[in-house]
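Everything below concerns the one structure shown next.
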Amino acid sequence: MDEQAKKTALRKIPYGLYVVGVTSGSEVNAFTASWLSQCSFQPPLLMMAVKAGTSSHTMIRESKVFAVNLLGKDQKKLAEHFTRPVSRIGNKFGEVAFRTEVTGAPVLEEAIGNLECEVRHFLEGGDHSIVVAEVIAASVREDAELLDLEETGWHYGG
Ligand SMILES: Cc1cc2nc3c(=O)[nH]c(=O)nc-3n(C[C@H](O)[C@H](O)[C@H](O)COP(=O)(O)O)c2cc1C
């Protein structure tokens, strides 16, 4: 395979950028994710790739819930903050306000909306696991445009 072509072609796939809230027992955490898409209307399912070996991966596997927080175009800093591993920097929330609703996973107050999900399938294999989850609650705070991965100048893919 032409490695450069593979990388260039894979990086053409468009993604949004989200902060995914996770929980397990009394713990909460959140991480930035881009590999996420709807994959069924009925039931409403999402698929997301979760990096193996991260704290968030362990927490989703244990609790089988998460909350997708939708970010607006002006929230790149928030996305950047949650790319840092909790194992290195400790509690990431600091001044980032959140609440818990249906699943117990953190819903960020400043997100433009959120989707709370229950895991239906957890497929381990590569360096990311594929999580297929049903949307069981949703809210929209502001009908604003979503932050795209491309406009951040970052890459996650290839
Ligand atoms: C632009 C970008 C996109 C990312 N997308 C994902 C993703 O889709 N899935 C994932 O598991 N990690 C993704 N990450 C990596 C996580 O944000 C990172 O591993 C984070 O530290 C995990 O948090 P934790 O260690 O507190 O669980 C992405 C990172 C960046 C910079």
Side-chain angles (χ1 to χ4, degrees), residues 6-40 44-100 103-135 144-158:
K6 179 203 69 171
K7 187 171 174 179
T8 305
L10 280 170
R11 286 185 172 185
K12 298 246 177 248
I13 299 174
Y15 298 101
L17 210 49
Y18 313 90
V19 171
V20 177
V22 297
T23 185
S24 186
S26 57
E27 307 255 299
V28 288
N29 187 32
F31 70 103
T32 297
S34 54
W35 288 354
L36 188 151
S37 173
Q38 182 167 2
C39 61
S40 164
L45 297 177
L46 285 183
M47 56 185 179
M48 177 173 72
V50 185
K51 192 173 175 182
T54 61
S55 303
S56 299
H57 183 273
T58 307
M59 291 171 83
I60 294 174
R61 197 174 43 196
E62 284 171 3
S63 68
K64 299 194 162 44
V65 294
F66 59 88
V68 177
N69 290 281
L70 308 172
L71 302 183
K73 296 237 176 257
D74 57 350
Q75 293 182 311
K76 180 177 173 184
K77 272 213 156 4
L78 198 57
E80 186 175 8
H81 177 72
F82 284 98
T83 61
R84 298 180 187 126
V86 67
S87 55
R88 192 153 10 107
I89 66 162
N91 176 15
K92 286 186 226 181
F93 289 102
E95 286 162 22
V96 180
F98 70 93
R99 61 183 190 279
T100 57
T103 58
V107 167
L108 303 189
E109 298 289 0
E110 56 190 307
I112 62 174
N114 65 76
L115 296 155
E116 293 202 64
C117 302
E118 269 179 12
V119 175
R120 299 288 177 248
H121 307 280
F122 196 102
L123 311 170
E124 298 193 52
D127 53 17
H128 285 62
S129 298
I130 314 302
V131 181
V132 177
E134 184 165 347
V135 177
E145 274 189 74
L146 192 78
L147 178 63
D148 304 322
L149 180 60
E150 193 180 4
E151 74 201 58
T152 63
W154 304 335
H155 293 292
Y156 199 78

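Counting starts at 1 for both ligands and their atoms, in listed order. Because only heavy atoms are used, hydrogens play no part in the values below, and waters and symmetry mates are left out as well, while side chains stay in.
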Provide the number and element of each atom of ligand 1 under 4.0 Å from a heavy atom of [X].
X	answer
Arg84	21 (O)
Trp35	8 (O)
Val50	11 (O)
Val86	24 (P), 25 (O), 26 (O)
Ala33	5 (N), 6 (C), 7 (C), 8 (O)
Thr83	17 (O), 18 (C), 20 (C), 21 (O), 30 (C), 31 (C)
Ala49	7 (C), 8 (O), 9 (N), 10 (C), 11 (O)
Ser55	25 (O), 27 (O)

Nearest protein heavy-atom contact for [atom]: which residue, which atom, what distance?
atom	answer
atom 23 (O) of ligand 1	Lys92 NZ, 3.2 Å
atom 22 (C) of ligand 1	Phe31 CB, 3.6 Å
atom 17 (O) of ligand 1	Thr32 O, 2.8 Å
atom 27 (O) of ligand 1	Ser56 OG, 2.6 Å

Does [X] reach ligand 1 with a nitrogen or oxygen that is under 3.5 Å from one of the ligand's nitrogen or oxygen atoms?
X	answer
His155	no
His128	no
Pro85	yes

Please check if the side chain of [X] supplies one atom and the backbone of [Y] the other of a donor-acceptor pair under 3.5 Å.
X	Y	result
Glu27	Ser24	no
Thr103	Glu116	no
Asp148	Glu150	no
Arg99	Val107	no

Shortest heavy-atom approach to atom 11 (O) of ligand 1 - which of Lys51, Met59, Met48: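 Among Lys51, Met59, Met48, the closest heavy atom to atom 11 (O) of ligand 1 belongs to Lys51.
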Heavy-atom contact check, 4.0 Å cutoff: does Ser87 meet ligand 1?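 Under 4.0 Å: no for Ser87.
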Among the heavy atoms of Glu80, does any lie under 4.0 Å from an atom of ligand 1?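 False for this residue.
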Qualifying residue, where the test is side-chain contact (heavy atoms from CB on, under 4.5 Å) with Phe31 and the options are Ile60, Val86, Thr83: Ile60
Check: Val22 and His57 side chains under 4.5 Å, non-hydrogen atoms: no
Would you say that Phe82 contacts Phe93 through its side chain, given a criterion of any heavy-atom pair below 4.5 Å between the two side chains? yes
Identify the heavy atoms of Val20 and Met48 that sit nearest to each other, and give their distance. CG2-SD, 3.8 Å
If you count the non-hydrogen atoms of other residues, nucleotides and ligands that lie under 6.0 Å from NZ in Lys6, is the total more than 12? yes
Can you establish whether the number of heavy atoms outside Glu151 located under 6.0 Å from its atom CD is more than 12?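 Yes - once you tally the heavy atoms of other residues, nucleotides and ligands closer than 6.0 Å, there are more than 12.
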Between [X] and ligand 1, which residue portion shows a heavy-atom distance shorter than 4.0 Å: side chain, backbone, both, or neither?
X	answer
Leu149	side chain
Leu36	neither
Tyr156	side chain

Kindly determine whether Glu134 and Leu45 satisfy side-chain contact (heavy atoms from CB on, under 4.5 Å), including the steps that lead there. CA-CA 4 Å; Glu134 184 165 347; Leu45 297 177; 3.9 Å; yes
Run the side-chain donor-acceptor check on residues 64-71: report pairs under 3.5 Å with partners two or more places apart or on a different chain.
| residue | atom | partner | partner atom | Å |
| --- | --- | --- | --- | --- |
| Lys64 | NZ | Arg61 | O | 3.4 |
| Asn69 | OD1 | Leu108 | N | 2.8 |
| Asn69 | ND2 | Val19 | O | 3.0 |
| Asn69 | ND2 | Pro106 | O | 3.3 |

Assess the pair Tyr15 and Tyr156: is the distance between their ring centroids shorter than 6.0 Å?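 Here the rings of Tyr156 and Tyr15 have centres that are no less than 6.0 Å from each other.
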